Amino acid sequence: MPDIDTLIDAETIAQRVKELGAQITKEHAGEELVLVPVLNGSFVFAADLARAIDLPLSIDFFGCRSYEGTSSTGVVQTTLDLSHSIEGKVVIVVEDIVDTGLTMAYMLDNLRTRRPAKVHLASLLSKPARRKIEVDIDYLGFEIEDVFVIGYGLDFDELYRNLPYLGVLRT
Ligand code: IMP
C-alpha cells in the first residue's frame, strides 16, 4: 500500500451517516422510500445509510461512470439501469461525491423523466470548488477541499474502495 493520509476517519464517517439517516427518517416519516445508490462509488455509503434509516425502503441500483483515473471524461455513460419503475415514488439518490456536478445533473434529469413523486439527493461528499453545474444536495455528509479522495467506496483506478476511512494518496 502506498502512503495514504487520513482525511476523515471511520468513526467520524459512521457518526455523520447516522445523523443523515436520522434526518431522513424524520423528514420522510410516513413515506416509503426508494434508495438509488449510484454505482460503483456509493456502495459502502449506501449500505450504511440504508441501515441508519428507520422507514420502509427498497433499493434499486443505477450505474454510471464519467471518470478514468483522477479526471472526468466529461461524458456520462449509463452502465446499469434501474430494474423497477419509480413513477409516483419518493426517491433518494445516494452518491459518493459531487465534484463538477455533471454526473448528478445527468442522473437527476434522467430520473425526473420517469415521473417520481419526489427526487432527493444524499451525497457523502461535495467539492464545491470544482462545480461546473449547480446541484442541490439535500443530505450532505461532508464538504471537502479540492483533493482527490479514496476509500469508503471511492476509488483511484478501481482500487482502494475497501479502505474503511476516507484518505488522500500521498504523492
Ligand atoms: P462529477 O460528475 O464531476 O461530479 O463526478 C462525480 C463522480 O466522479 C463521483 O461519483 C466519483 O465517482 C468521481 N469522483 C469525483 N471526485 C472524486 C474523488 O476525489 N475520488 C474518487 N472519485 C471521484
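In this chain, residues are counted from 1 in sequence order. Quantities reported herein were computed from a predicted structural model and do not represent experimental measurements.
Between the side chain of T6 and the main chain of I8, no donor-acceptor pair closer than 3.5 Å is present. Looking only at distances, no side-chain donor or acceptor of R51 sits under 3.5 Å from a matching main-chain atom of G21. A donor-acceptor pair under 3.5 Å is formed between the side chain of D60 and the backbone N or O of S83. A distance-only check finds a donor-acceptor pair linking the side chain of S42 to the backbone of V94 [under 3.5 Å]. In this structure, T25 contributes its side chain and D54 its backbone to a donor-acceptor pair below 3.5 Å. At least one donor-acceptor pair under 3.5 Å links the side chain of R16 to the backbone N or O of G141.
Using a 4.5 Å heavy-atom cutoff, the side chains of L39 and T79 are not in contact. Side-chain contact check for D48 versus I13: every heavy-atom pair is 4.5 Å or farther apart.
Here the CG-CD distance, from L121 to E95, works out to 7.5 Å after rounding to the nearest 0.5 Å. How far CZ of F148 is from CG of D99: 8.5 Å, rounded to the nearest 0.5 Å. In this structure, CG in L49 is found 6.0 Å from CG in L35, a value given to the nearest 0.5 Å. Rounding to the nearest 0.5 angstrom, the gap separating the CG atom in L169 from the OH atom in Y160 is 5.0 Å. If you take CZ on R112 and CZ on R114, they are separated by 13.0 Å, rounding to the nearest 0.5 Å. Distance check, rounded to the nearest 0.5 Å: CD1 of I133 to OG1 of T103 gives 10.5 Å.
Salt-bridge check for D138 with K118: failed, with every basic side-chain N at 4.0 Å or more from each acidic carboxylate O.
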Steps toward side-chain contact (heavy atoms from CB on, under 4.5 Å) verdict (F62, V93): CA-CA 9 Å; F62 191 93; V93 175; over 6 Å; no
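Residue-environment remark: CZ (R115) stays at or below the threshold of 12 foreign heavy atoms within 6.0 Å.
Residues S126 and L140 come closest through the heavy atom pair CB-CD1, 3.6 Å. The two residues V168 and V147 make their nearest non-hydrogen contact at CG2-CG2, 4.1 Å. The two residues C64 and M107 come nearest to each other via the heavy atoms SG-CG, 4.3 Å. What you find for A122 and I92 is that their closest heavy atoms are CB-CG2, 4.0 Å. The minimum heavy-atom distance between K127 and E145, with the atom names listed, is CG-O, 3.6 Å. Counting all heavy atoms, side chain and backbone alike, P116 lies closest to V91 at CB-CG2, 4.0 Å.
Note on ring orientation: taking the six-membered ring where Trp is involved, the planes of Y152 and F45 are tilted (angle from 30° to 60°).
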